[in-house]
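These numbers come from the heavy atoms of this one structure, side chains and all, not from hydrogens, waters or symmetry mates. A, B, ... follow the sequence lines: proteins, then strands. Residue 1 opens every chain. Just so we're clear, the structure is a prediction, and the values are computed from it rather than from any experiment.
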Number of protein chains: 2
Amino acid sequence: MTKKYDALKLENQICFPLYACAKEIVRKYKPFLDEIDLTYTQYITMMVLWDKKQMNVKTLGEYLYLDSGTLTPVLKKLEAKNFIRRSRDKEDERNLCVSITDEGEMLKEKAAGIPDKISHCVNLTKEEAEQLYTLLYKTLGDLSQ
Amino acid sequence: MTKKYDALKLENQICFPLYACAKEIVRKYKPFLDEIDLTYTQYITMMVLWDKKQMNVKTLGEYLYLDSGTLTPVLKKLEAKNFIRRSRDKEDERNLCVSITDEGEMLKEKAAGIPDKISHCVNLTKEEAEQLYTLLYKTLGDLSQ
DNA sequence: TCCTTTTAAATTGTGTGCTATTTATAAAGA
DNA sequence: TCTTTATAAATAGCACACAATTTAAAAGGA
């Protein structure tokens with residue numbers, strides 16, 4: 001019989017394994033990211049810029065689900081490492097344009113092997129990984145409402 | 001045709017939706033947790049104690065995937081709110097025993113409605129939720145190796 | 001018993017991540 | 001045009017989260 005407080009148990013929540021999984025997988029990235037002197041947040045920021053080359057902070061934040069309060073210090077650190085450039089948009093000075101540097105492009109080469117190394121830490125079948133991927137994006141969509 | 005750097009795109013990673021989903025769902029808890037003066041980390045700590053009544057920091061950390069560096073300040077705040085007690089184990093003074101107070105028990109009543117409110121933020125079917133749950137715990141198991 | 005090793009928490013320092021506020025710029029309206 | 005409103009970043013303050021170190025206590029071995 002289901003008891004009054006069962007829903008309050010850790011093992012009956014969907015949020016907890018999500019929270020724990022995200023933390024643990026980010027931890028797995030650490031040794032690989034250390035080698036290229038990036039944190040996980042810096043890494044996902046670079047991933048967007050490796051793909052899109054340039055973007056303002058607001059749009060970047062929409063991709064990453066982060067706001068300027070988090071991004072500003074991250075971007076300043078990436079700029080200090082010469083992986084990105086930060087400059088005001090001449091058309092609209094409110095916008096800060098973030099763009100990748102040559103050094104940032106070169107970093108992509110060094111990062112190219114990371115996704116494969118991480119995939120070895122998780123033993124999901126191709127079908128399971130696709131299922132998880134689909135369910136996570138469906139959930140993310142619901143949560144963004 | 002698959003390109004050399006495709007694996008480095010945000011949308012081809014499993015970690016990113018995991019990371020984003022975890023953040024967004026924790027954000028959904030915030031208004032409800034604000035009402036009972038708990039942060040998410042404090043809430044999952046209380047969940048373990050509502051269930052188990054008492055436990056040392058190390059064991060608590062194994063349940064929550066957190067270490068003493070994170071837990072010590074969290075536990076001090078919960079003690080300041082009179083939801084828990086912290087006391088050294090008489091048998092082995094290295095262990096700190098964390099136990100729930102009457103006030104902590106009373107908080108359970110106020111928290112009882114939260115899981116149901118959160119479930120309305122995510123529109124997964126019962127089957128999808130179970131699938132996601134299973135895949136997350138499978139992944140968490142792999143990552144803990 | 002005394003010394004070494006191990007273990008559990010606490011501490012330190014860095015980096016997010018969030019809310020709320022502030023600053024600067026642009027847009028909109030009387 | 002002048003004022004009000006809206007928008008984009010930056011800033012401030014708080015709370016994790018983690019790695020590395022320190023402290024205190026217990027266990028194990030010569």
Would you tell me if any nitrogen or oxygen in the side chain of [X] comes within less than 4.0 Å of OP1 or OP2 on [N]?
{"X": "R86(A)", "N": "dA9(D)", "result": "no"}
{"X": "K23(B)", "N": "dC18(C)", "result": "yes"}
{"X": "T72(B)", "N": "dA10(C)", "result": "yes"}
{"X": "T39(A)", "N": "dT16(C)", "result": "yes"}
{"X": "Y19(B)", "N": "dG17(C)", "result": "yes"}
{"X": "R88(B)", "N": "dA10(C)", "result": "yes"}
{"X": "R27(A)", "N": "dA17(D)", "result": "no"}
{"X": "N95(A)", "N": "dT25(C)", "result": "no"}
{"X": "R94(A)", "N": "dA10(D)", "result": "no"}
{"X": "K77(B)", "N": "dC16(D)", "result": "yes"}
{"X": "K76(B)", "N": "dC16(D)", "result": "no"}

Within the structure shown, what part of the strands sits under 4.0 Å from [X] by heavy-atom distance: base, sugar-phosphate, or nothing?
{"X": "T41(A)", "value": "sugar-phosphate"}
{"X": "N56(B)", "value": "sugar-phosphate"}
{"X": "L71(B)", "value": "nothing"}

Begin from the C-alpha positions of K76(B) and E79(B) and carry the test salt bridge (charged side-chain N to carboxylate O under 4.0 Å, His left out) through to its verdict.
CA-CA 5 Å; K76(B) 284 182 177 175; E79(B) 184 183 42; over 6 Å; no
Distance from L33(B) atom CG to K28(B) atom NZ, nearest 0.5 Å?
13.5 Å
In Å, rounded to the nearest 0.5 Å, how long is the span from CG of D67(B) to OG1 of T72(B)?
8.5 Å
Quick check: on DNA chain C, is the nucleotide nearest V74(A) upstream (toward 5') of the one nearest D89(A), or the reverse? Name the residue that is more 5'.
V74(A)
Less than 6.0 angstrom separating the ring centers of Y19(A) and Y40(B), yes or no?
yes
Would you mind reading off the distance between [X] atom [atom1] and [N] atom [atom2], rounded to a whole angstrom?
{"X": "K28(A)", "N": "dA19(D)", "atom1": "NZ", "atom2": "C1'", "answer": "16 Å"}
{"X": "K58(B)", "N": "dA10(C)", "atom1": "NZ", "atom2": "C1'", "answer": "15 Å"}
{"X": "K30(A)", "N": "dA19(D)", "atom1": "NZ", "atom2": "P", "answer": "6 Å"}
{"X": "M55(B)", "N": "dA9(C)", "atom1": "CE", "atom2": "P", "answer": "12 Å"}
{"X": "E93(B)", "N": "dA10(C)", "atom1": "CD", "atom2": "P", "answer": "12 Å"}
{"X": "L75(A)", "N": "dG17(C)", "atom1": "CG", "atom2": "P", "answer": "12 Å"}
{"X": "D67(B)", "N": "dA19(D)", "atom1": "CG", "atom2": "P", "answer": "7 Å"}
{"X": "I25(B)", "N": "dG17(C)", "atom1": "CD1", "atom2": "P", "answer": "17 Å"}

Flag if over 12 foreign heavy atoms under 6.0 Å of NZ, K110(A)
no
Nearest-nucleotide comparison on DNA chain D, the residue closer to the 5′ end among D92(B) and E24(A)
E24(A)
Would you kindly check if the NZ (Lys) or CZ (Arg) of K108(A) is within the cone defined by 45 degrees around the ring axis of Y5(B) and under 6.0 Å from the six-membered ring centre?
yes
Picking from dT16(C), dA24(D), dC18(D), which would you name as closest to the side chain of L66(B)?
dC18(D)
Looking at the base of dA8(C), is there any donor atom on it, or on the side chain of S68(B), that sits under 3.5 Å from an acceptor on the other one?
no
